[in-house]
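Right, one structure below, let's go through it.
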Amino acid sequence: MKPQLLKVPKGLQKSFSIRRDVVLYFYNRWHYHPELELIHIEQGSGTQFVGDNIQNFQSGDLLLIGPNLPHYWRCDEKYFQRESQLYAQATVVHFSLDLFGNAFLELPENKAIRELLLKAKFGMKLLGEETENVKKLLQDLLDQKSGNAVISLLQILENLAHCSEKRTLSNTHYQEEYDQYDTDRINQIYQYSISNFQKKISIEDISEIANISPHSFCRYFKSRSRKTYSQFLLELRIGHACKLLSETKLPVAQICYESGFNNFANFNKYFKIHTGKSPLAYQKEFRKIAVHLPNLEVAL
């Protein structure tokens, strides 16, 4: 798809940027930039799109997004309510792939960092106990008034490189340069889909939003996203079902229909294909974990 090019300001006398965003909701447009992005989501929840990957995000997530890899964070609908007192907050670092220079990254001591940056082209979610130290180092870097910030960033990358669990996000490496012609069209497709996936969306409906014929829309969406619109919609619905199963006490049958499925057998079938377990098993497993983690914020 054709995302929007986002130009990231560094400021004078700086080789990379770091900032803390405190906003009503995150920047909700499909976009990309030549810099790598390290983001710690401190507050917020919703749906994230990284390359061809769709999944939920929540407070505490730590992600590394590679250069020119399109991405998009869409906060939950509750963040868009007029009287909502919710806010989203994240610390974000943008830095160029050539910040340290090839010769420096080729040093034997920097092998782990070099491999981390290469894998980042697909995007990754970082987990494990080591991420807590990274989050602290990000805060220190944000507060840093003197000293060499590049050395501090290097220390963060060294810690990231040795995280015990790194989950690759996108299956596709995006290398092409994008034009801006259909940025608005893609964002209209995304926003309409996110707002309406709980009900039936026909190809005629979505092609009208995209302002192209139904036949052209199918080819257009598949060529840009590497998946059919039906697959895209299914992933949105499964992701929402996972969220309801883990955060509410709703019965599985109700979650099926609130996630946009009109057939319980199909819901079970596709949920198991995508997650490896049935909706009921998923719910029981999450509640079992929550019982042993009393501080976990979940409605049991």
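All figures in this text were calculated on a predicted structure; none of them were measured in a lab.
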Side chain Asn211, main chain Ser207, donor-acceptor under 3.5 Å: no
Taking Ile113's backbone N and O only, do any of them form a donor-acceptor pair with Asn110's side chain (distance below 3.5 Å, no angle check)? no
Student check: side-chain heavy atoms of Leu142 and Leu138 closer than 4.5 Å: no
Using only atom types and a distance under 3.5 Å, with no angle test, would you say the side chain of Asp52 pairs donor to acceptor with the backbone of Asn171? yes
Ignoring hydrogens and angles, tell me if any N or O in the side chain of Ser246 forms a donor-acceptor pair with the backbone of Cys242 under 3.5 Å. yes
Test: salt bridge (Lys or Arg N to Asp or Glu O under 4.0 Å). Region: residues 227-241. Which pairs qualify, not counting sequence neighbours? Lys227-Glu235
Test of understanding: with side-chain hydrogen bond (donor to acceptor under 3.5 Å, both in side chains), list the residues that count as partners of Asn262, not counting sequence neighbours. none
OG/Ser213 to CD/Glu208 distance, rounded to the nearest 0.5 angstrom? 12.5 Å
Ring pair (Phe, Tyr, Trp, His ring centres under 6.0 Å) between Tyr72 and Phe49: does it pass, once the steps are laid out? CA-CA 5 Å; Tyr72 170 29; Phe49 304 79; 5.1 Å; yes
Checking the side chain of Ser195 only, and the main-chain atoms of Gln191 only, is there a donor and an acceptor separated by less than 3.5 Å? yes
Answer yes if Leu127 and Leu137 sit in the same cluster of Ile, Leu, Val, Met, Phe, Trp and Tyr residues linked by side chain heavy atoms under 4.5 Å apart, and no otherwise. no
His71 side chain to Gly51 main-chain N or O, any donor-acceptor pair under 3.5 Å? no
I'd like to check the side chain to side chain contact (heavy atoms under 4.5 Å, CB included) partners of Gln85; sequence neighbours left out, ordered by chain and number. none
Apply the test side chain to side chain contact (heavy atoms under 4.5 Å, CB included) to residues Phe57 and Phe26: give CA-CA distance (whole Å), side-chain angles for both, the deciding distance (0.1 Å), then the verdict. CA-CA 12 Å; Phe57 71 85; Phe26 291 130; 3.9 Å; yes
Value rounded to 0.5 Å, distance of CG in Leu36 from CG in Leu99: 10.0 Å
Residues that Lys269 engages under side-chain hydrogen bond (donor to acceptor under 3.5 Å, both in side chains), provided they are two or more places apart: none
Rounded to the nearest 0.5 Å, the CD atom of Glu37 sits from the CG atom of Leu63 at a distance of 9.0 Å
Partners of Lys111 by side-chain hydrogen bond (donor to acceptor under 3.5 Å, both in side chains), sequence neighbours excluded? none
State the OG-NE2 distance between Ser96 and His33, to the nearest 0.5 angstrom. 12.0 Å
Tell me whether Leu280 is reachable from Ile238 by hopping between hydrophobic residues (I, L, V, M, F, W, Y) whose side-chain heavy atoms are closer than 4.5 Å. yes
Within this structure, what is the OG-CD1 distance for the pair Ser193 and Ile201, rounded to the nearest 0.5 Å? 5.0 Å
Stepwise side chain to side chain contact (heavy atoms under 4.5 Å, CB included) test for Leu234 and Phe197: CA-CA 9 Å; Leu234 182 61; Phe197 70 86; over 6 Å; no
Quick one: side chain to side chain contact (heavy atoms under 4.5 Å, CB included) partners of Leu250, sequence neighbours excluded? Thr248, Gln254, Ile255, Glu258
Just distance, no hydrogens or angles: give the donor-acceptor pairs under 3.5 Å from side chains in residues 271-278, sequence neighbours left out.
residue: His274; atom: ND1; partner: Tyr270; partner atom: O; Å: 3.1
residue: Thr275; atom: OG1; partner: Phe271; partner atom: O; Å: 2.8
residue: Thr275; atom: OG1; partner: Lys277; partner atom: N; Å: 3.3
residue: Thr275; atom: OG1; partner: Lys277; partner atom: O; Å: 3.0
residue: Ser278; atom: OG; partner: Ala281; partner atom: N; Å: 3.1

Could you tell me whether the side chains of Gln139 and Asp143 share a donor-acceptor contact shorter than 3.5 Å? yes
Supply the atom-to-atom distance Gln283 CD to Glu285 CD, rounded to the nearest 0.5 angstrom. 12.0 Å
Same cluster for Leu24 and Ile41 if Ile/Leu/Val/Met/Phe/Trp/Tyr side chains link at under 4.5 Å? no
Can you name the ring-ring contact (aromatic ring centres under 6.0 Å, His included) partners of Phe217, sequence neighbours left out? Phe221, Tyr229
Can you list everything that forms a side chain to side chain contact (heavy atoms under 4.5 Å, CB included) with Gln89? Sequence neighbours excluded, please. Arg20, Val22, Glu42, Gln43, Tyr87
Criterion side chain to side chain contact (heavy atoms under 4.5 Å, CB included) on Leu126 and Val134, from CA distance to verdict: CA-CA 10 Å; Leu126 300 126; Val134 171; over 6 Å; no
Would the distance check show the side chain of Asn266 and the main-chain N or O of Asn263 forming a donor-acceptor pair, the cut-off being under 3.5 Å? no
Any side-chain to backbone donor/acceptor pair from His40 onto Leu38? Under 3.5 Å, distance only. no
Where the side chain of Ser59 meets the backbone of Gly44, is there a donor-acceptor pair that is under 3.5 Å apart? yes
is_close_aromatic(Phe267, Phe261), centroid dist under 6.0 Å: yes
Pairing donors with acceptors under 3.5 angstrom, does anything connect the side chains of Asn196 and Gln198? no
Is there a side chain to side chain contact (heavy atoms under 4.5 Å, CB included) between Arg29 and Tyr190 once you walk through the steps? CA-CA 9 Å; Arg29 289 184 71 82; Tyr190 267 52; over 6 Å; no
Judged by atom type as modelled, is there a donor-acceptor pair below 3.5 Å linking the side chain of Asn56 to the main-chain atoms of Gln48? no
Going by salt bridge (Lys or Arg N to Asp or Glu O under 4.0 Å), name the pairs with one or both residues in residues 74-87, residues two or more places apart or in two chains. Arg74-Glu77, Asp76-Lys243
Pairs in or reaching into residues 162-172: which pass salt bridge (Lys or Arg N to Asp or Glu O under 4.0 Å), with residues at least two apart or in two chains? Glu165-Arg167
Test ring-ring contact (aromatic ring centres under 6.0 Å, His included) applied to Tyr79 - qualifying residues, sequence neighbours left out: none
